[in-house]
Amino acid sequence: MKSNEPFADHTDQLARAEEAVSALEAKRNDRWYPAYHIAARGGWINDPNGLCYHDGRYHVFFQHHPYSPEWGSMHWGHVSGTNLVHWNREPIALAPSIEADRSGCWSGSCVTGDDGRLYAFYTGHRQDVDGPGIRCQTQCLAISDDGTHFEKKGVVVRALRGVVNFRDPKVWREGELWCMVVGQQSPERHGQVALYTSRDLVTWTGGDVIYEYPDSNVYMLECPDLFALGGKWVLCFSAMGMQPNGFVARNRNNAGYVVGSWSLGEPFVAETAFRLWDWGHNYYAPQSFEAPDGRRIQLGWMTDFHLTAPQMADGWCGQMTLPRVLTLRDDNVVLTPPAREVEGLFEPLAQYDSLELILNEERALCDDLTCGKVEVTLDLARTSAERVGLKVHQTADDDYLYVAWDAQIGCVVADRRCTRRGNKGYRAAPVASNTLRLALYLDRGSVEVIVNDGETVMSELSFPLEGPRAVSILSESGTARIANLRIASLRQRD
Ligand code: FRU
């Protein structure tokens, strides 16, 4: 087998994929389809890929299966825009067409080369083609002159002997050199990050392991990302095999980071333990890039690992989170509030400067807020309630997501006990500060919870009935003093 040999014409493959997505889009049910988060027109999406600012536009590519709302043979979908919040559809960028990517164009990243062209690095996935159970993953390159249409150049990095799971190249420039981190599973089944370098983006050498996860349960590190932030280095990965520990790592796979030091030629030295990027049920495989103004921006995939996602019945599945801006706090916690551009999406609807809730009071705040934002600042010193919570996306059948400050455990909790569609269960995000500001971003099928301006965040899918989706606030077993509460609705676009 010659890895770079075409088995199909790339342009034909892309045209077929577009047709398939159009057919799904024509029948799409929009009850949970995002009004302001990135999703495909139809079909399945997972990881964000190729995030970059290139030629005056932000680009978000993503793992995309255009033939059904389930995971399958991966393509790269694409949107672009100038302001991080309004996105234009672009044609599908990559489809399987050469032997190396016969079973899928898996995750990867983009950079602008010295020649001004856009270089996309992705994992060529080949599964069961060379015999049952035989898998081969290689890092491949495709180049675009216009930021939209790509020409495949084939394999540029092959795994070292004994490594089978070897994927998700993340490329960036480090002085004179280009660097690439790749996630891999060692022959002993340990999750590792390997590093390659190049002078011209085409010829790559290296393969040294710069990091291995210390817990041997973790058998693979997907979607690695490595960047300098606030004078340190942050190594990110999506860990497979991590065991739940208290409130941490409750999802099937878990995305997080360690903070430490690193320089070329050296291993990464962690100074912190693993910390989750997001404490909700639905967050995985984030990737970051640097905006022209120097901000480090991250997007993640809002996923349902249990694959009971009711979205699938609607002809589509999967969406991105809002873009989040990363900054490092003194205690090595990375703060992740949404980019300021997001605020321009909303317009004020109601405001309360001070609100007292008596014992067990439940107060209606809004009859219908399908898409919008709810911000609450709680005066903890003057609150005796065990929990103070918001019911959001509350529908006629009394289905709602409950997002509450739980004083007993010192956590913000996202509780799905009262949701009728999708999975149940709750997640809890520990809050160390003695202030409590919640900002909830509601879209038709999701709720992102931002605590204390990004100190912790939680991403939750939500599947309310069609019709009005109300918001109310309640104090459980005590009173609550709300210092400030603001509701905003999604601005209509002309
Ligand atoms: C993470 C992941 C990546 C892989 C891609 C395939 O969700 O498994 O490791 O490249 O998805 O779609």
Side-chain angles (χ1 to χ4, degrees), residues 17 38-40 43-51 60-78 92-96 100-110 120-128 135-142 155 157 159 163-171 180-185 189 191-194 213 218-225 236-242 249 251-257 276-278 281-288 298-307 309 317-321 459:
I38 295 171
W44 163 277
I45 71 174
N46 52 287
D47 318 356
N49 294 156
L51 303 184
V60 174
F61 299 86
F62 46 81
Q63 289 286 278
H64 184 24
H65 185 231
Y67 293 99
S68 80
E70 283 107 42
W71 188 87
S73 171
M74 282 296 131
H75 294 53
W76 273 33
H78 184 195
I92 294 173
L94 296 174
D101 65 23
R102 192 180 254 277
S103 314
C105 301
W106 282 20
S107 284
S109 56
C110 283
F121 295 89
Y122 67 96
T123 297
H125 177 62
R126 202 175 150 83
Q127 180 78 43
D128 301 327
R135 161 179 285 207
C136 180
Q137 296 184 337
T138 48
Q139 313 322 323
C140 302
L141 169 64
V155 176
V157 177
V163 172
V164 176
N165 284 299
F166 177 61
R167 55 183 179 264
D168 311 337
K170 177 75 198 304
V171 176
M180 175 196 286
V181 278
V182 183
Q184 67 181 31
Q185 181 180 79
R189 289 180 58 81
Q192 300 178 329
V193 176
Y213 196 79
V218 172
Y219 59 85
M220 176 68 191
L221 300 181
E222 297 187 305
C223 303
D225 197 356
C236 320
F237 44 83
S238 291
M240 304 175 88
M242 191 176 278
N251 296 337
R252 192 170 79 194
N253 296 323
N254 297 278
Y257 63 94
L276 291 173
W277 281 120
D278 183 301
H281 285 97
N282 305 119
Y283 191 80
Y284 196 61
Q287 186 179 89
S288 77
Q298 183 184 67
L299 271 80
W301 163 41
M302 270 199 242
T303 164
D304 185 336
F305 274 114
H306 297 277
L307 297 184
C317 189
Q319 67 189 54
M320 297 298 145
T321 60
S459 295

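Quantities reported herein were computed from a predicted structural model and do not represent experimental measurements. Atoms within a ligand are numbered from 1 in the order they appear, just like the ligands themselves. Start at 1 with the first residue, then count along the sequence. When reading the values below, keep in mind they use all heavy atoms of this one structure, side chains included, and skip hydrogens, waters and symmetry mates.
Of the residues listed (Leu94, Ile45, Ile92), the one engaging His75 in a side chain to side chain contact (heavy atoms under 4.5 Å, CB included) is Ile92, and it is the only one.
Trp44 is not listed as a side-chain neighbour of Gln63, based on a closest heavy-atom distance of 4.5 Å or more.
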Tabulated below should be the N or O atoms of ligand 1 paired with protein N or O atoms at under 3.5 Å; can you produce that?
from	atom 1	to	atom 2	distance (Å)
ligand 1	7 (O)	Asp47	OD1	2.8
ligand 1	7 (O)	Asp47	OD2	3.3
ligand 1	8 (O)	Glu222	OE2	2.7
ligand 1	9 (O)	Arg167	NE	2.8
ligand 1	9 (O)	Asp168	OD1	3.4
ligand 1	9 (O)	Asp168	OD2	2.6
ligand 1	9 (O)	Glu222	OE2	2.9
ligand 1	10 (O)	Ser107	N	3.1
ligand 1	10 (O)	Asp168	OD1	2.6
ligand 1	11 (O)	Asn46	ND2	3.3
ligand 1	11 (O)	Asp47	OD2	3.1
ligand 1	12 (O)	Asn46	ND2	3.1
ligand 1	12 (O)	Gln63	OE1	2.7
ligand 1	12 (O)	Trp71	NE1	3.0

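Taking Asp225 as the reference, Lys170, Ser288 meet the side chain to side chain donor-acceptor pair (under 3.5 Å) condition, with sequence neighbours excluded. For Asn253, there are no side chain to side chain donor-acceptor pair (under 3.5 Å) partners, not counting sequence neighbours. Qualifying salt bridge (Lys or Arg N to Asp or Glu O under 4.0 Å) partners for Asp168, counting only residues two or more places apart in sequence or in other chains: none.
From Gln137, atom CD reaches atom CZ of Phe166 across 9.0 Å, with rounding to the nearest 0.5 Å.
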